[in-house]
Structure formats: structure tokens, C-alpha cells
Amino acid sequence: MLSINADRLKKSVLELSKIGYNETDHGMYRWGFTDADMEARRWMMEQAKAEGFKTFMDGAGNVFFGIGDYSKKPAVLTGSHLDTVPAGGIFDGALGVLAGFEVLRSIKENDVKLAHPVWVVGTAEEEGRFGGMMGSQAIAGVLNPDWLMSAHDADNVYLKDAMAAHGMDVMDALDAAWPPERLKAFYELHIEQGPVLFQKEITIGAVEGISGVFKWIVHLKGKADHAGTAPMNMRSDAFMGLADFAHEIERIIAEDGTDKTRITVGKVDLKPGSPHTVPGEAVFTIVGRDMSNDVMKELADSCNKALSAIARKHRLKFEYEQVSWLNPQACSEKLTKQIEDKAKARNYSCLKMPSGAGHDAQFFTEITESGLIFIPSVNGVSHAPDEWSHWHDVEAGCNILFDCIINSAQ
Ligand SMILES: [Zn+2]
């Protein structure tokens, strides 16, 4: 049985982890379409080119490299994202791209004869700075001009401007769609980003589906008053509204959610933001997740009702903008089974499991058979500088990716 070169893969992971690395907090900073993000894309293309693979970047900023001509025969595609959240870890996304790179190198080195082309993609803007998974959405052909022009981040930087800063035209993302007949299958290797595999001491996760996610930006508007002269009962304190909502989250999940539901308020801005002034406005994000679209709708509805009631109680004006809504997606049963079989063949322990986090693979399910492979995250930590996965698990995951790709490309 052929295996990948674990040392070579490790070397690539460590090299990419230098791009966007922050000395102070030891986190990765490759937020979508920042300089570091674009530098990582150029680095990836240079690496692939140096190995003799064909490379290109599409209009959405996705980086591709591979072997074979997919205009003649459908390709087996693998990959993940190259961008990171601010202060992220070195494996989230990068692992899937570099494991694909390692698989290509192993195919070439061992002169594996395949009937289908094998390509790797490093997708753009997966972490949702602009409220979606832009790169894989572009490939799946689900973007539209209106969204592209209006997409902006939580600091009101527009996607079109962030791309223009790198000489890119946001509308070119519409040219990045792949016709389904060009694809045979898609695989993604990713760290679990949760504690399940690590706690159960299981090496491989065969993912059966990915939870959906919605993101809101909420405005609660009251009145900024002098913190000394405004009596407590005459205030319209926006923070009090936010605090009340925070306490409602548990009830909303108990009434309308499931054990897979997650609701998070992750970013809060109080205005004017002075210690001696009653907050006149609270701007905050709500991110909700579940494996069922119907449950997500009920959760969203309950958040809306709770915030409306809270706003009345505190004499606030309530508005929200739904920045994104991604439906839950099922992975291919056939490929999930294949991942389990390949793990068994290598004597790796394996667990069939759902994914609580969104991944590029969810958009590929719309255009081709998709499989998602997890490896354990130490202590379940991710989106943080202390995110880690053991090298022996990285090797195991890449071997399963290798086996699955060869199987599908034969
Ligand atoms: Zn990721």
C-alpha cells in the first residue's frame, strides 16, 4: 500500500504557517483578501509550479493546481481554504490544501496511473469575513452580482473594495463556476475543530453532513445619556437590551433547538463607547447553527421575537440584517462509506459524525459527490493560536485522502 510522505507534508505546513504569523499572540492572520492571504495564494502557486503542476487563480481568488485535463475527463478535486480567521491556527484550511498538494506529489513520485485528472483548490474567503464562503460558492455557481456588490465585513469594508486593492474585479467571481460535468468527486481533509475525536481517541472522522449557519448583524438603538444625570428608570440603555438577549439564548435553544444547535454573540460594539455615557446603541452579531434548515428557521424566528420584546421593554429600536444563510448539507453516503472503508484498511479507528462547523465541502455537495474527512483537534481547540493536531494524525488523514483520491480517479 502506497503512503504519502509525512515529513514533506509537515515541512509545507510549517512553511505556510510563516505567512500571516503574528509574533505577539502567535496566531495566524490571513483574513480573506488581506495582504497575507494573497501572499499565501501566490506562495501556494509557486510551490505547485516548482513541482511541475499546472496552476491558475480564478476570478474569486481560488488557487488551483493539478495534473490532467479536466476538459476531456471529469476531475477528482480536493482542497480546502487558505484564509484564516484573525488569530487562527496553522491547520484550519491550510491542512486540506497542503494535504492535496502532498497527494499530488505522491501520485507523481510513485508514478500512479490514473484515468481521471486530479486537481487541488485553495479556496478564497471561506472564514466568512464578508458573510459567506465566497470561494467555494463561486465554484458552485451560487453567487449573484447583487450579493457581490453589497457584501461587506463587520467593519463596513466592502468585498469589492478589498478585492480591488489586489487588482481584482469582484464581478470576475461569477466566471469561476465549474460545470458539474467537469467534476467526478470532491474531497476535503479538515481538522475537526471540536473535541469529539480527540476525547474518544479516534483517528479519522467520516463526516456525514455539515450544519447550516446564519449570521445577523443586530442594531439595538436607544439614547446616549449622561451616566450621572439620567435616572435608571428614564434610560433607553442599549446594552441592557443586549444583556437581556444573552440570557434568552439558553431558553431559545431549549424550546426550538436540538443538541446540535449553537447560538453565539461573538462581536459587540457599544456606542458611543464611553465609561460615563449610557450606551445609545449596541451593534452585535448573532451566529446560529443547526443540522436542520427547519430548526434554523425556528431559531431565527425566536431570536427575532425575543429581540422585539426586549426592545419594547427597554424603549429601544431593533433592526437586524441577515448577512448570510447557509443551508445544512449532506455529504455523499457513498464517499462517507469509502472513507470508513479506507480507514479500516489502514487500521485507523474511524467515527461517522456530523460537522458542527461549516466547510467548503458543503458547496461542492451542490455540484458533485463530496466527502469530508476529519482528524482530531487537540482539546478540540480551533480558531485560536493554540489550535493543534498531532503529526501522526495529520499523516493518517492525508493517507486516507490519498487512498480516496486514487480510488475515485481510477
Ligand atoms: Zn476551516
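Atoms within a ligand are numbered from 1 in the order they appear, just like the ligands themselves. Both backbone and side-chain heavy atoms feed into the values below; hydrogens, waters and symmetry mates do not.
Between the side chain of S106 and the main chain of E102, a donor-acceptor pair closer than 3.5 Å is present. Of the possible donor and acceptor atoms, none in the side chain of R289 sits under 3.5 Å from a partner among the backbone N and O of G212.
Within D92, the N, O or S atom lying nearest to the Zn ion (ligand 1) carries the name OD1.
A salt bridge links K337 to D341: one of the charged nitrogens lies within less than 4.0 Å of a carboxylate oxygen.
Inclusion of H190 in the first shell of the Zn ion (ligand 1) is supported: an N, O or S atom falls under 2.8 Å. Within the 2.8 Å limit, E126 places no N, O or S atom next to the Zn ion (ligand 1).
Each of W178, F53, Y70, Y187 was checked for a ring-ring contact (aromatic ring centres under 6.0 Å, His included) with W119, and the lone residue meeting it is Y70.
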